[in-house]
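The structure presented is a predicted model; accordingly, all values stated were derived computationally and were not measured. One is the number of the first residue; the rest follow in order along the sequence.
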Amino acid sequence: MLPDVVDYLRCPVCGADLALTDRGLRCPAGHTFDVARQGYANLLPGDARPGTADTPEMVRARTAFLGAGHFAPLTGRLAEQVTGARILDAGGGTGHYLAAVLDRTPDATGLGLDLSKHAARRAARAHPRAGAVVADLWRPLPVRDTTADAILNVFAPRNAAEFHRVLRPGGHLHVVTPSPRHLGPLVRELGLLKIGEHKDDRTDTTLADHFTLTDRQPLETTARLTHEEIATLVGMGPSAHHIPADELHRRIGKLTDPFEVPLSFTLSIYRRS
């Protein structure tokens with residue numbers, strides 16, 4: 001873990017600042033946390049239950065799909081929009097989007113938070129100026145007050161009060177959500193989870209006490225995906241928990257190969273109130 005990234009962190013037990021020692025991370029009260037040999041730290045409190053975290057199979061699928069460039073327009077849009085010296089990726093998964101932002105911002109450092117230790121292993125190696133921590137976004141974040149210049153939140157839970165606390169005054173929160181048009185016919189043909197028609201309105205309402213919407217950018221594109229790529233796409237998202245593998249394979253087999261899939265996202269930018 002980079003010393004600059006450790007400067008983001010606070011103890012999840014008592015809230016004191018954490019420092020890097022020979023044995024890992026330690027606060028003045030003596031609470032200690034190991035840094036895994038893969039380079040990430042686990043800062044989940046002892047009573048945490050990471051049962052909804054991404055599995056190794058989901059992480060492998062996400063790494064393969066994003067690495068193939070299928071979401072490149074979204075990745076590029078984020079890299080253009082996000083600025084600041086300290087970037088927090090809340091629910092950052094494998095670190096794919098954070099790495100793209102850091103590539104475009106030479107003096108910045110980044111910290112990725114994710115509930116999955118399997119994702120954190122990938123994120124810790126995603127970029128030389130990034131660190132990764134296992135943390136639950138629904139709990140108080142193990143991040144110091146007003147530390148981040150910008151927060152990334154891509155297809156991840158949103159803890160408005162905690163995001164407000166860790167973001168500096170005037171900082172921006174960049175939220176990416178799928179639109180109801182995302183994946184189009186795949187949702188119907190494969191029985192995938194549907195996106196609600198008023199998702200943006202619900203997001204605005206959730207954040208309204210702490211953030212002000214300053215910009216909203218739709219992003220529409222398409223991808224021609226093979227059957228194998230479609231299986232990978234489904235496997236990296238929440239629908240992976242809901243469709244048995246054999247049944248998914250049967251449904252995908254009915255599609256043309258390759259199959260044109262609409263990709264539809266909304267980037268919403270909020271200013272800290």
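Summarising the local packing, NE2 of H31 is surrounded by more than 12 heavy atoms from other residues, nucleotides or ligands at distances under 6.0 Å.
The salt bridge (charged side-chain N to carboxylate O under 4.0 Å, His left out) test applied to R77 returns no partner, not counting sequence neighbours. Evaluation of the side-chain contact (heavy atoms from CB on, under 4.5 Å) rule for T221 yields P73, L263 as partners, not counting sequence neighbours. H172 pairs by the ring pair (Phe, Tyr, Trp, His ring centres under 6.0 Å) definition with nothing, not counting sequence neighbours. When the ring pair (Phe, Tyr, Trp, His ring centres under 6.0 Å) test is applied to H118, no partner is found at least two apart in sequence or on another chain. Taking A208 as the reference, nothing meets the side-chain contact (heavy atoms from CB on, under 4.5 Å) condition, with sequence neighbours excluded. With sequence neighbours left out, E80 forms a salt bridge (charged side-chain N to carboxylate O under 4.0 Å, His left out) with no residue at all.
For residues 245-272, the set of pairs meeting the salt bridge (charged side-chain N to carboxylate O under 4.0 Å, His left out) definition, not counting sequence neighbours, comprises E247-R250, E247-R251. Each salt bridge (charged side-chain N to carboxylate O under 4.0 Å, His left out) pair with one or both residues in residues 199-219, not counting sequence neighbours, appears once here: D204-R216. The stretch residues 161-174 participates, sequence neighbours left out, in these salt bridge (charged side-chain N to carboxylate O under 4.0 Å, His left out) pairs: D145-R165, D149-R168, E162-R165. For residues 175-188, every residue pair satisfying the salt bridge (charged side-chain N to carboxylate O under 4.0 Å, His left out) rule, not counting sequence neighbours, is listed here: R181-E220.
Using a 4.5 Å cut-off on side-chain heavy atoms (C-beta onward), D136 and L44 make contact.
Here CG of L74 is found 11.0 Å from CD of Q217. Values are rounded to the nearest 0.5 Å. Rounding to the nearest 0.5 Å places CZ of R26 at 12.0 Å from CG of D22. Between the OH atom in Y270 and the CG atom in L207 there is a gap of 5.0 Å [rounded to 0.5 Å]. Interatomic distance, CG of L78 versus CD1 of I87, reported as 11.0 Å (0.5 Å rounding). Note: T226 OG1 to L233 CG = 10.5 Å, rounded to the nearest 0.5 Å. The line from CD1 of I151 to CZ of R86 is 13.5 Å long, rounded to the nearest 0.5 Å.
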Exercise answer: donor-acceptor pairs, residues 55-70 side-chain atoms, under 3.5 Å, sequence neighbours excluded:
unit_1	atom_1	unit_2	atom_2	d
T55	OG1	E57	OE1	3.3
T55	OG1	M58	N	3.2
R62	NH1	D54	OD2	2.5
R62	NH2	D54	OD2	3.4
R62	NH2	M236	O	2.4
T63	OG1	V59	O	2.9
H70	NE2	E229	OE2	3.4

Please set out all donor-acceptor pairs under 3.5 angstrom arising from side-chain atoms of residues 88-100, sequence neighbours excluded.
unit_1	atom_1	unit_2	atom_2	d
H96	NE2	T75	OG1	3.1

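Ring centroids of F265 and H182 are separated by less than 6.0 Å, placing the two rings close together.
Residues V134 and A120 share a closest heavy-atom pair of CG2-CB, 3.8 Å. The two residues F33 and N42 have their closest heavy-atom pair at CD2-O, 4.0 Å.
Linking ILVMFWY side-chain heavy atoms closer than 4.5 Å, directly or via other members, places L152 and L137 in two distinct hydrophobic clusters. Linking ILVMFWY residues whenever their side-chain heavy atoms come closer than 4.5 Å, directly or via other members, places L111 and L173 in the same cluster.
Within the cation-pi definition used here (under 6.0 Å to the ring centroid, within 45° of the axis), R121 does not qualify as a partner of Y40.
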message: V176 vs F155, test: side chain to side chain contact (heavy atoms under 4.5 Å, CB included). Steps then yes/no.
response: CA-CA 6 Å; V176 176; F155 316 134; 3.6 Å; yes
